[in-house]
Amino acid sequence: MTRSQIVSIAEKIIEMFYHDFDEKDPFKILISTILSQRTRDENTLVASQNLFSKYPNVESLAKAKPEEIYDLIKPSGMYRQKAERIIEVSKIILEKYNGKVPSDLDELLKLPGVGRKTANIVLFQGFSIPAIAVDTHVHRISNRLGFVKTKTPEQTEEELSKVLPKRLWGPINVAMVNFGRNICLPRNPRCEKCPFSKECKYHNSAVD
DNA sequence: AAAACGGGGGC
DNA sequence: GCCCCAGTTTT
């Protein structure tokens, strides 16, 4: 598959499945992204709303005790870990970064509970900085469509960065997640609804 | 490289 | 009941 073919399909995926996010506050994006780890959107949303209704900013969260927010964030799962990390992150942001979330990959990666995927989501959504956050959806779909041939998400991030122009880095995450949730499912993809099945390596070989 | 964290929804 | 989910950290 040529580079221009890949870019063309990527642009179509974005056109069909990208939607903008209304939340632009980097701190709220950071916290809700931590809550979203290994968690469905619906549960993440409930947990975020619960949390921010009582602790609306970095100052109030930095003063909270983990036990106080267990019940608020419980719908997102792994609530003990997440509670401690969220409060620790808030303290660090407040004390070390003067209350402002850093817009720098290396600084974000130092925060507890923040790995490569979470950090890149914050960079793109919170700061409009081009970043590819390779989650299971992006990894799976990139391989199925033949954009890359990789074993790990890290390799996918690297290869995808080489192939796609920077302007697509942010939007392709969001678009592939929506595409993956609705059509290109992990186990039983709805290929009959997929606009790319004709040129899809996975669909035409039936091997993952 | 594998385990552990974890509630909720789909089947 | 079993499997999976915008992962990260610890063993």
Side-chain angles (χ1 to χ4, degrees), chain A residues 10 13-14 17-51 66-67 69-90 92 101 105-144 150-158 160-161 164 168-190 208:
Chain A
I13 295 175
I14 290 168
F17 296 98
Y18 178 77
H19 66 79
D20 208 357
F21 291 87
D22 44 2
E23 182 59 67
K24 292 295 181 192
D25 176 1
F27 179 71
K28 287 189 175 178
I29 291 169
L30 171 58
I31 298 302
S32 51
T33 304
I34 292 174
L35 288 175
S36 81
Q37 291 165 0
R38 302 299 292 172
T39 304
R40 292 170 188 275
D41 283 359
E42 312 85 76
N43 298 338
T44 301
L45 189 62
V46 173
S48 302
Q49 288 173 343
N50 286 346
L51 182 64
E67 310 81 53
I69 66 173
Y70 280 171
D71 286 344
L72 299 175
I73 66 172
K74 197 168 274 186
S76 81
M78 294 183 282
Y79 59 92
R80 293 186 196 85
Q81 281 186 357
K82 286 177 179 175
E84 289 193 7
R85 290 173 183 172
I86 285 170
I87 291 170
E88 188 59 27
V89 163
S90 301
I92 295 173
V101 177
L105 180 60
D106 290 328
E107 296 301 316
L108 286 169
L109 288 175
K110 291 178 188 170
L111 300 171
V114 177
R116 195 140 199 104
K117 300 166 190 93
T118 302
N120 280 328
I121 291 166
V122 171
L123 287 179
F124 173 61
Q125 279 194 47
F127 298 103
S128 301
I129 295 172
I132 295 183
V134 177
D135 68 329
T136 54
H137 289 301
V138 176
H139 182 57
R140 178 181 73 253
I141 294 168
S142 297
N143 274 283
R144 279 184 178 172
T150 54
K151 289 292 184 189
T152 68
E154 288 74 19
Q155 293 168 0
T156 301
E157 181 179 325
E158 190 182 336
L160 223 45
S161 303
L164 296 179
L168 302 184
W169 285 7
I172 197 64
N173 293 332
V174 181
M176 277 194 180
V177 169
N178 290 330
F179 178 51
R181 244 180 28 178
N182 294 311
I183 294 180
C184 197
L185 307 174
R187 289 299 182 83
N188 298 110
R190 299 169 184 159
D208 208 342

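Naming: A, B, ... by sequence-line order, numbering from 1 per chain.
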Steps toward side-chain contact (heavy atoms from CB on, under 4.5 Å) verdict (A/Leu111, A/Ile34): CA-CA 11 Å; A/Leu111 300 171; A/Ile34 292 174; over 6 Å; no

Worked check of side-chain contact (heavy atoms from CB on, under 4.5 Å) between A/Val101 and A/Ile29: CA-CA 10 Å; A/Val101 177; A/Ile29 291 169; over 6 Å; no

side-chain contact (heavy atoms from CB on, under 4.5 Å) between A/Leu109 and A/Arg116, worked out: CA-CA 7 Å; A/Leu109 288 175; A/Arg116 195 140 199 104; 4.0 Å; yes

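Per the geometry, CD belonging to A/Gln37 stands 17 Å off C1' belonging to B/dG8, to the nearest Å. Here C/dA6 presents its P atom at 15 Å from CZ of A/Phe17, a figure rounded to the nearest Å.
Heavy-atom minimum distance, A/Ser76 versus A/Lys82: O-NZ, 3.1 Å.
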When the side chains of residues 170-185 of chain A are checked against the rest of the protein, which donor-acceptor pairs come out under 3.5 Å, sequence neighbours left out?
{"from": "A/Asn173", "atom 1": "OD1", "to": "A/Ala133", "atom 2": "N", "distance (Å)": "3.1"}
{"from": "A/Asn173", "atom 1": "ND2", "to": "A/Ala131", "atom 2": "O", "distance (Å)": "3.2"}
{"from": "A/Asn178", "atom 1": "ND2", "to": "A/Phe17", "atom 2": "O", "distance (Å)": "2.8"}
{"from": "A/Asn178", "atom 1": "ND2", "to": "A/His19", "atom 2": "NE2", "distance (Å)": "3.4"}
{"from": "A/Asn178", "atom 1": "ND2", "to": "A/Val174", "atom 2": "O", "distance (Å)": "3.4"}
{"from": "A/Arg181", "atom 1": "NH1", "to": "A/Asp41", "atom 2": "OD2", "distance (Å)": "2.4"}
{"from": "A/Asn182", "atom 1": "ND2", "to": "A/Asn178", "atom 2": "O", "distance (Å)": "2.9"}

Base-pair map of DNA chain B as dot-bracket, where | denotes pairing with a different strand and pairs are Watson-Crick or G-U under 3.5 Å: |||||.|||||

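Contact annotation for A/Phe21: base contact, defined as any heavy-atom pair under 4.0 Å involving a base atom. Residue contacts shown for A/Gln125 include a base, since a base heavy atom lies under 4.0 Å away. Within 4.0 Å of A/Thr118, counting heavy atoms only, lie sugar-phosphate atoms of the nucleic acid but no base atom.
For B/dG7, neither phosphate oxygen OP1 nor OP2 lies less than 4.0 angstrom from any side-chain nitrogen or oxygen of A/Thr39. OP1 or OP2 of C/dT8 sits under 4.0 Å from a side-chain N or O of A/Lys117.
With sequence neighbours excluded, no residue satisfies ring-ring contact (aromatic ring centres under 6.0 Å, His included) with A/Phe27.
Nucleotides B/dA3 and C/dA6 are separated by 23 Å at their P atoms, to the nearest Å. Distance noted for atom C1' between C/dT9 and B/dG8: 23 Å (whole Å). The same atom, P, is picked in B/dG6 and in C/dG1; the two are 23 Å apart, to the nearest Å.
For the atom pair CD (A/Glu23) and CD (A/Gln125), the distance works out to 9.0 Å, reported to the nearest 0.5 Å. Residue A/Leu45 holds its CG atom at 11.5 Å from OG of A/Ser36, rounded to the nearest 0.5 Å. For the atom pair CD1 (A/Ile86) and CD1 (A/Ile73), the distance works out to 4.5 Å, reported to the nearest 0.5 Å.
Near-neighbour residues of DNA chain B inside residues 40-51 of chain A, defined by a heavy atom below 4.0 Å, number-ordered: A/Arg40, A/Asn43. Non-hydrogen atoms lying under 4.0 Å from DNA chain C are contributed by A/Leu111, A/Pro112, A/Gly113, A/Val114, A/Gly115, all within residues 106-115 of chain A.
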Are there any protein N/O atoms within less than 3.5 Å of an N/O atom in nucleotides 1-5 of chain B, and if so, which ones and at what distance?
{"from": "B/dC5", "atom 1": "O4'", "to": "A/Gln81", "atom 2": "NE2", "distance (Å)": "3.4"}

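Side chain to side chain, A/Thr156 and A/Thr150 meet the donor-acceptor criterion of an N or O pair below 3.5 Å.
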